[in-house]
Amino acid sequence: VDRMSMKKLLSLLFGAVFLFSSMGTAMASVPNTAEAKLAAVEKSMYGVEQTGALLDRINHLEKDYEGAHSKSGMMDRIDHLYNVVFDNSAQPSLLTQMNAIEWSITHQVSMDSVQSRVTAMETTIEGKPTEGTYKARIDKLASFAFGTKVIPLTQVTVSANTLAKISLVTPVNAKNLKVGDTVKYQAAEDVIENGMLIFAKGAPGEGTVKKVTQARNFGRDAEVQIDFKTLRAIDGTDMDMFLGEESKKEMKTMAMAAGASIAGMVLLGPVGIITGVFVHGNNIDLPVGTELYVQTKADTIVYAIPTTSAK
């Protein structure tokens, strides 16, 4: 077991009271206005929402992606762009394709924009970015990664309670957090079930702080409660995650491998209280990179990538 990972985990086990809420959330909802949909597409494509007239922004996206403008109405054009980027119902979305290609080339998935990811992969393969529409450039990357621009994705059912090892992207410090703050994290390693890649290393996750209590006198420890909400599957599905019995058991095993005794830890309650024994007024301070486990909340159908590994 990696010593640094164990050190990070022990900062969790022997810190103060740290609660992980088992509350889940629904799949990410579709924006309910044209501008919100357009903004979501722009953030995924360029990293930031663009400015200017809606028509100009639509034209810009269409030109960059396909090189031509649609003659349909503005709402239909926005819906089409949104579905191309996010919707997996008819075929794998653009983000799903990007995740598959990037994983095949680098064995991890980045949180960057499509623009940045395409440029980075082209530079890795050819030494510099290429020209053309994003659709043509992505097809070329797919051909390099898989030998065909048709990416080999398969629909599978991910069972409830499938474990995912994650690492914190946002530090968790009771002194600096408040209720409602976002806690970002990412998959610390690939999650492969029956030879199918479900979560790729680097996949983004996001939770919310539900409760914060500062450390006080007389041995009363700091307390942070976090709903870990969702982790993004390889096809872009934001899957509901929580810390349950399987997660606690896995973290307990990791701590034991690092030399922690059963007497030195307590795992209690349906929300998963994890703490050390005889802690006196300690603050919670979990640095970026602290690793722990969460698990899927329900059976979910997603697109997955066949791999050469199975477990």
Return all side-chain donor-acceptor pairs below 3.5 angstrom for residues 138-153, not counting sequence neighbours, or 'none' if the list is empty.
unit_1 : atom_1 : unit_2 : atom_2 : d
Lys140 : NZ     : Glu126 : OE2    : 3.3
Ser143 : OG     : Asp139 : O      : 3.1
Thr148 : OG1    : Val150 : N      : 3.1

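Taking the side chain to side chain donor-acceptor pair (under 3.5 Å) definition, one finds that Thr157 meets it with nothing, sequence neighbours left out. For Thr133, the side chain to side chain donor-acceptor pair (under 3.5 Å) test picks out no residue, with sequence neighbours left out.
A donor-acceptor pair shorter than 3.5 Å cannot be found between the side chains of Asp76 and His80.
In this structure a side-chain-to-backbone donor-acceptor pair under 3.5 Å is present from Glu42 to Gln50. When atom types are taken as modelled, the side chain of Thr296 and the backbone of Met241 share no donor-acceptor pair closer than 3.5 angstrom. With Thr106 contributing its side chain and Gln108 its backbone, the two residues share a donor-acceptor pair below 3.5 Å. Remark: side-chain polar atoms of Glu206 are not paired, donor with acceptor, to backbone N or O of Lys229 under 3.5 angstrom. Side-chain atoms of Asn88 come within 3.5 Å of backbone N or O of Asp235 as a donor-acceptor pair. Not one N or O on the side chain of Ser116 forms a donor-acceptor pair closer than 3.5 Å with the backbone of Ser113. Remark: the backbone N or O of Ser89 is paired with a side-chain donor or acceptor of Asp87 at under 3.5 angstrom.
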| Stepwise, does the side-chain hydrogen bond (donor to acceptor under 3.5 Å, both in side chains) test hold for His60 with Asp64? | CA-CA 6 Å; His60 184 208; Asp64 281 355; 3.1 Å; yes

| query | side-chain hydrogen bond (donor to acceptor under 3.5 Å, both in side chains) between Ser159 and Thr162: does it pass, once the steps are laid out? | reply | CA-CA 6 Å; Ser159 300; Thr162 296; 5.1 Å; no

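Cluster membership for Val114 and Met111, using ILVMFWY side-chain heavy atoms within less than 4.5 angstrom, is not shared. In the hydrophobic clustering of ILVMFWY residues, with side-chain heavy atoms under 4.5 Å counting as a link, Val169 and Val172 come out apart.
In this structure the side chain of Leu168 never reaches within 4.5 angstrom of the side chain of Val288, judged on heavy atoms.
Applying the ring pair (Phe, Tyr, Trp, His ring centres under 6.0 Å) test to residues at least two apart or on different chains, the pairs with a partner in residues 173-204 are Tyr185-Phe228. Within the structure, ring pair (Phe, Tyr, Trp, His ring centres under 6.0 Å) contacts touching residues 109-131 (residues at least two apart or in different chains) do not occur. Counting only residues at least two apart or on different chains, the salt bridge (charged side-chain N to carboxylate O under 4.0 Å, His left out) pairs with a member in residues 98-113 are Glu102-Arg117.
Between Glu245 and Lys248 there is a salt bridge, with a side-chain nitrogen of the basic residue lying less than 4.0 Å from a carboxylate oxygen of the acidic one.
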